[in-house]
Undergrad: 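A single structure is presented below for examination.
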Amino acid sequence: MDEKYFAKKIEQKWQKIWEETGAFHAEIDDEKPKFYALEMLPYPSGNLHMGHVRNYSAGDALAWYKRLRGFNVLHPIGWDSFGQPAEDAAVKRGVNPRTWTEANIETMRGQLQRLGISYDWRRQMYAHRPDYYKFDQWFFLKMYEMGLAYKKMTQVNWCSTDQATLSNEQASGGICWRCGNSVTKKDLEQWFLKTTAYTDRLLDDMAEIEDGWPASVIKRQQDWMGRSYGAYVDFEIKASGETLFVCPIVDGITSSTDVGKDRVRIFTTRIDTIYGANAIVLAAEHPVIQANMDNFAEEVAAKIAFIRTENAKPADHEAEIEKDGIDTGLKAINPFSHEELPVWVGNYVMMNYGTGAVMSVPAHDQRDFEFAKKFGLPIRQVISEPHMEHAHHTMQALALEQAFPDYGVLVHSDYWNGKTSEQAKVEMTEYAEKHKFGEGATTYRLRDWGISRQRFWGSPIPIVYCDRCGTVPEKFEDLPVELPETAPFTGTGESPLAKVPEFYETTCPKCDGPARRETDTMDTFVDSSWYYYRYTDAENEILPFDPAMAAYWTPVDQYIGGDDHAVMHLIYARFWTKVMYDLGLVPFAEPFKRLLTQGMVVGETFFYESGGKRAYIPPAEVTVERDGKGRILSAKSKDGLHLKYAIERMSKSKGNGVDPDEMVEIYGADAARLFILFAAPIDNELVWNEAGIEGGVRFLQRVWRLAVKWQAALAVPLAARSSVLDDGIVVAGNAKKLRQKTHQTIKRIGDSFESLQFNTPVAALMELSNAIGDFGIDPGNATEADVFAVREALTALTLMLTPFAPHTAEELYSVLVGNENGIIANGARFPEYSEELARADEIEFPVQVNGKLRSRIVTAPETSNEDLEKLALADAKVREFTDGKEIVKIIIVPKRLVNIVVA
RNA sequence: GCUGGGGUGGCGGAAUUGGUAGACGCCCAGGACUUAAAAUCCUGUGUCCUUAGGGACGUACGGGUUCGAUUCCCGUCCCCAGCACCA
């Protein structure tokens, strides 16, 4: 053992040993309980960033902890290696996406290895390699067979200048992110997966996992899927005096929108308020409106067109949009009251939710209320507060200052008067069903998952178009449909694959005639929907994985990753698992038992604004003036420019990133990992500050020096001694106190891991090492009991340090145990704590007078209440506050405190 | 606006769910060692008052419950995140 702590030396040494001994190779073992620790797989952009380091340090700490607890741990990693940046690199720099991707993976794997994360490297999966994406295609065909994959016409964001389809983000603000010209909508046939067929299960199965998932993620998924219970109601439509024009069935709209040529279907969650309807309001894009456009008065048509254009513009989330609309002149008949209502178009009714049509009940819906106020429509209250008299309601409604959306008792509703909202909702829905003008209905916000991408760097969709047979799925045995070596990359137009005849020219799997392949590729969320199953059987060529292997390892016991994947990725993965359940591949429907979302790693950024965009200056090139509290007063660039500053997510483009390699080079992997977990609770945002990491190094050096100091005294190998002291050796004084601290710490750290806290156990380790440092007895004068206590403390410290600083721990452990086989091969376990030893034989009782701390008495924790009372009352400092006063009562909390109440 | 999570020293953060607020670390100051520096070690470090012993105040703010509140209840303010006319 070196006198000094050389991080790099021991890190390289143990990384080599781990690799040579296959220390982290996981194999099925029915003797041991399994634990599947999973972190979200990285996109191989070229470099690891500190967010990755945080994520993987936490996952690795947990994996090590579970190993030490005797679990058979699966801890794998892979590469989310399909996606746009590879293709952008091809467009910009002419590099082949495959070459670019493989090189990046190589770099990042090296970085992860230098951090010493304990992965089973044999199990890596690479989304972009045919042996993996073959099974993206396999799943697609299965879903096609199940009727879950289908093709339909939809609108996409389209930039006509660039001839490119854009994602919503790329079309943000209604302008193309690349060329700045305005974006239009374009119809395109796209493949969809029927996530909506699973919405109820996605929502209902949350009951299974809600204890193990952050409440915020559960909530966001619920909001995202947006289930609401209500009813459809059909209103007959009349064109006042004229014939009504036929309303065509338009694709892309809930099929239930169009129930007939002369009816319009609305969705409501409040059918009980239907007698209060004053109008039917349709979205400007509603098919009934579209069909009658030519028929409307000029100003009506103009207004509708205007609203439609406004709707197409990107929404400004800051401003509240004012209600707008126009009476179309059409009339609708309320099927309950038979009242004739005007049909309006309103800008607040959205075509893509429900049926694109609502009944407007201003008295009981705030939006309808605002609409009615603006256009002077009547407001009729039909739900009363239960205590109010019937006669007062109409008058009151006129005076309403806002809508009354609560449940209550029905009034002004004929037959239904006096019923509660709850009753009326059920009975009125039944009535509508019976009379065939409506039905109970549940609507969702969630749409089907569009997976077509007009890109090269993704898994080809295994479909063939044949003039004779139509749309034909590729045969399973002919998978994978492989990407060609390269394609013309322009970054514009349709999929690059459409320009590669060798790719798209094929024969029909059915009739062998000439046919053309689908040239779109799949969304990369497909890859990440099932990769964690592939780890359990990474080289299977027949199936995505062997169900028996997956049955041992999955479901994932702990998933750790960024909060930003709370909705999309985690819904798709849950959806995929449910499909797999239906296919009989897995015996459960929820893939992740527990989820931990870590906070972002952020840093200071400096920038100036030009043309509405921020131009960033790397912090290293900025002169910063700070106040005594460390807050920034001003910042100047090299050329004297005054800069603005913020705290933002670390990224290359903002120049505020920290290079993990640099951290490892300067401080060592162990210090970097330990510090990033220590610096803040895992779910908090972490503002990176370089000074802190030095504290991490100092701590490891301190531990190292303690080991060096005691090495000679502890020279007898651990194995030669029993783990319990021989009878007859009395452990007392400092040794006893140290043992106490050791056992208290063992308990604390164990508890912390179980509740997924990583910052507090590091603090506890620091305390324990401080306690060893403060032991007060030199190795030269140590008794056998002293040596025992120190050995116990150092051994526990070493083992409990393993999850945070595994290299250092391995090296220290090898010294303690006298061999270099490693912690795992030695069968080391997380130390056991003893309640008995952790108990202090003297504790400090605070003594309060009237709830204020006045003194402390030190005595045995078991001291009786009577004795505590006596001791407290006799205390000189206490008497200053009690003398001459009447003692009302004395409260004693066992093992906690004494509180004397005086008058 | 709605929903969720927060507000504790100069900073990051602890606090066994009602019982000594500020663990641990960073920063800063002083000291030891050194020719010097680095490293290391020691001491101090919530605010105010006090010659000392000590005292008063203190967990966003205002109330309340309690012997006792960072913790529970009511009200207000502020911050962060998500959603945003979802009928």
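The sequence lines fix the lettering, A, B, ..., with proteins before strands; numbering per chain opens at 1. Just so you know, these numbers come straight off a predicted model, no measurement behind them.
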Undergrad: Is a side-chain donor-acceptor pair under 3.5 Å present for A/Tyr229 with A/Thr429?
TA: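 There is no such pair between these side chains.
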Undergrad: Using a heavy-atom cut-off of 4.0 Å across all strands, would you classify A/Val567 as base, sugar-phosphate, or nothing?
TA: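 A/Val567: no heavy atom of the nucleic acid under 4.0 Å.
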Undergrad: Any protein N or O atoms within reach of nucleotides 47-53 of chain B? Criterion: under 3.5 Å, listing atom names and distances.
TA:
none

Undergrad: For A/Asp368, which contact category applies under a 4.0 Å heavy-atom criterion: base, sugar-phosphate, or nothing?
TA: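 The answer is nothing, as A/Asp368 stays clear of every strand by at least 4.0 Å.
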Undergrad: What's the shortest heavy-atom distance between A/Asn334 and A/Ala277, and which atoms?
TA: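 Where A/Asn334 meets A/Ala277 most closely, the heavy atoms are ND2-CB, 4.4 Å.
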Undergrad: A/Met1: what forms a side-chain contact (heavy atoms from CB on, under 4.5 Å) with it, not counting sequence neighbours?
TA: A/Trp704, A/Ala707, A/Val708, A/Gln711, A/Leu812, A/Val815
Undergrad: Do A/Val53 and A/Val601 come within less than 4.5 Å of each other through their side chains, counting heavy atoms only?
TA: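 With C-beta onward as the side chain, the pair stays apart.
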Undergrad: Just to verify, what does A/Asp670 make a side-chain contact (heavy atoms from CB on, under 4.5 Å) with, not counting sequence neighbours?
TA: A/Tyr5, A/Glu11, A/Leu700, A/Ala805, A/Pro806, A/His807, A/Thr808
Undergrad: Does a nitrogen or oxygen in the side chain of A/Arg896 sit under 4.0 Å from OP1 or OP2 of B/U16?
TA: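 Looking at the OP1 and OP2 atoms of B/U16, neither is under 4.0 Å from any side-chain N or O of A/Arg896.
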Undergrad: Quick one: does NZ or CZ of A/Lys323 land under 6.0 Å from the six-membered ring centre of A/Tyr348, within 45 degrees of the ring axis?
TA: yes
Undergrad: Output one letter per nucleotide in nucleotides 24-31 of chain B: B when a protein non-hydrogen atom lies under 4.0 Å from the base, S when only the sugar-phosphate is that close, - when neither is.
TA: BSSS----
Undergrad: Using a 3.5 Å limit on both distances, find every run of at least three consecutive Watson-Crick or G-U pairs that involves RNA chain B.
TA: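 Output for stems: B:1-7 with B:77-83, B:10-12 with B:24-26, B:28-32 with B:40-44, B:46-49 with B:54-57, B:60-64 with B:72-76.
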Undergrad: Where do N or O atoms of nucleotides 62-68 of chain B meet protein N or O atoms at under 3.5 Å, pair by pair?
TA:
unit_1 : atom_1 : unit_2   : atom_2 : d
B/C67  : O2     : A/Asn899 : ND2    : 2.3

Undergrad: Rounding to an integer number of Å, can you tell me how far A/Asp563 CG sits from B/C80 P?
TA: 16 Å
Undergrad: For B/C57, does OP1 or OP2 lie under 4.0 Å from any side-chain N or O of A/Lys852?
TA: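 Checking B/C57 against A/Lys852, a side-chain N or O does come within under 4.0 Å of OP1 or OP2.
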Undergrad: Tell me: CG of A/Leu700 to C1' of B/A39, nearest whole Å?
TA: 16 Å
Undergrad: Please report the distance, rounded to the nearest Å, between CG in A/Asp683 and C1' in B/G13.
TA: 13 Å
Undergrad: Between B/G12 and B/G18, how far is it from one C1' atom to the other, in whole Å?
TA: 27 Å
Undergrad: Quick one: is A/Tyr353 getting a side-chain N or O under 4.0 Å of the B/A87 phosphate, OP1 or OP2?
TA: yes
Undergrad: In residues 1-8 of chain A, what residues come within less than 4.0 Å of RNA chain B, judged by heavy atoms?
TA: none
Undergrad: Between B/A38 and B/A52, how far apart are the C1' atoms? Round to whole Å, please.
TA: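 Result for the C1' pair: 40 Å, nearest Å.
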Undergrad: Determine the sole option in A/Phe336, A/Tyr232, A/Phe235 for which the ring-ring contact (aromatic ring centres under 6.0 Å, His included) test with A/Phe437 is passed.
TA: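 Going through A/Phe336, A/Tyr232, A/Phe235 one by one, the ring-ring contact (aromatic ring centres under 6.0 Å, His included) with A/Phe437 is satisfied by A/Phe336 alone.
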Undergrad: Which of residues 212-226 of chain A sit near RNA chain B, with a heavy atom under 4.0 Å from it?
TA: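 Those residues whose heavy atoms fall under 4.0 Å from RNA chain B, taken from residues 212-226 of chain A in numerical order, are A/Lys219, A/Arg220.
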Undergrad: So A/Phe375 and A/Ile326, do their side chains get closer than 4.5 Å, heavy atoms only?
TA: no
Undergrad: What nucleic acid atoms does A/Glu844 come within less than 4.0 Å of, heavy atoms only: base, sugar-phosphate, or nothing?
TA: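 Base: the residue A/Glu844, judged by heavy atoms under 4.0 Å, touches a nucleobase.
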Undergrad: Has the side chain of A/Asn899 got a donor or acceptor atom that lies under 3.5 Å from a matching backbone atom of A/Gly851?
TA: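 Yes, because the side chain of A/Asn899 sits within donor-acceptor range (under 3.5 Å) of the backbone of A/Gly851.
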Undergrad: Between A/Asn684 and A/Gly599 (side chain of the first, backbone of the second, donor and acceptor by atom type, cut-off under 3.5 Å), is there such a pair?
TA: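 Checking the backbone N and O of A/Gly599 against the side chain of A/Asn684, no donor-acceptor pair under 3.5 Å is found.
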Undergrad: OP1 or OP2 of B/C86 sitting under 4.0 Å from any side-chain N/O of A/Asn352?
TA: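 False: A/Asn352 side-chain N/O out of range (4.0 Å or more) of B/C86 OP1/OP2.
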Undergrad: Quick one: list whatever passes side chain to side chain donor-acceptor pair (under 3.5 Å) with A/Gln221, sequence neighbours left out.
TA: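 For A/Gln221 the side chain to side chain donor-acceptor pair (under 3.5 Å) partners, ignoring immediate neighbours, are A/Arg574.
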Undergrad: Tell me every residue that passes side chain to side chain donor-acceptor pair (under 3.5 Å) with A/Thr742, counting only those two or more places apart in sequence or in another chain.
TA: none
Undergrad: Side chain of A/Phe267, heavy atoms from C-beta onward: which of B/A87, B/C86, B/G55 has the nearest atom to it?
TA: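 In terms of side-chain proximity for A/Phe267, the closest of B/A87, B/C86, B/G55 is B/A87.
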Undergrad: Partners of A/Asn759 by side-chain contact (heavy atoms from CB on, under 4.5 Å), sequence neighbours excluded?
TA: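 Only A/Pro681, A/Gln757 meet the side-chain contact (heavy atoms from CB on, under 4.5 Å) criterion with A/Asn759.
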Undergrad: So does A/Arg854 get a side-chain nitrogen or oxygen closer than 4.0 Å to the phosphate oxygens (OP1/OP2) of B/A56?
TA: yes
Undergrad: Using O4'-C1'-N9-C4 for purines and O4'-C1'-N1-C2 for pyrimidines, with syn meaning within 90° of 0, is B/G9 syn or anti?
TA: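 Glycosidic conformation of B/G9: syn.
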Undergrad: Does A/Leu686 or A/Leu897 map to a spot on RNA chain B nearer the 5' end, using the closest nucleotide for each?
TA: A/Leu686
Undergrad: Any side-chain N or O of A/Arg705 less than 4.0 Å from the OP1 or OP2 oxygen of B/C41?
TA: yes
Undergrad: Are any non-hydrogen side-chain atoms of A/Arg367 and A/Val281 less than 4.5 angstrom apart?
TA: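 No, too far: nothing below the 4.5 Å cut-off.
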Undergrad: Can you confirm if the NZ or CZ of A/Arg854 lies within 45° of the ring axis of A/Phe881 and under 6.0 Å from the centre of its six-membered ring?
TA: yes
Undergrad: Applying the ring-ring contact (aromatic ring centres under 6.0 Å, His included) test to A/Phe804, which of A/Phe678, A/Phe758, A/Phe753 qualifies?
TA: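 Among A/Phe678, A/Phe758, A/Phe753, the one meeting ring-ring contact (aromatic ring centres under 6.0 Å, His included) with A/Phe804 is A/Phe753.
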Undergrad: Just by distance, do the side chain of A/Asn278 and the backbone of A/Ile379 share a donor-acceptor pair under 3.5 Å?
TA: no
Undergrad: Salt bridge (charged side-chain N to carboxylate O under 4.0 Å, His left out), that's the test. Do A/Arg270 and A/Asp272 meet it? Break it down for me.
TA: CA-CA 5 Å; A/Arg270 292 299 301 276; A/Asp272 56 310; 3.0 Å; yes
Undergrad: If the condition is side chain to side chain donor-acceptor pair (under 3.5 Å), which residues does A/Glu690 pass it with, not counting sequence neighbours?
TA: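 Per chain and number, A/Glu690 pairs via side chain to side chain donor-acceptor pair (under 3.5 Å) with A/Tyr667.
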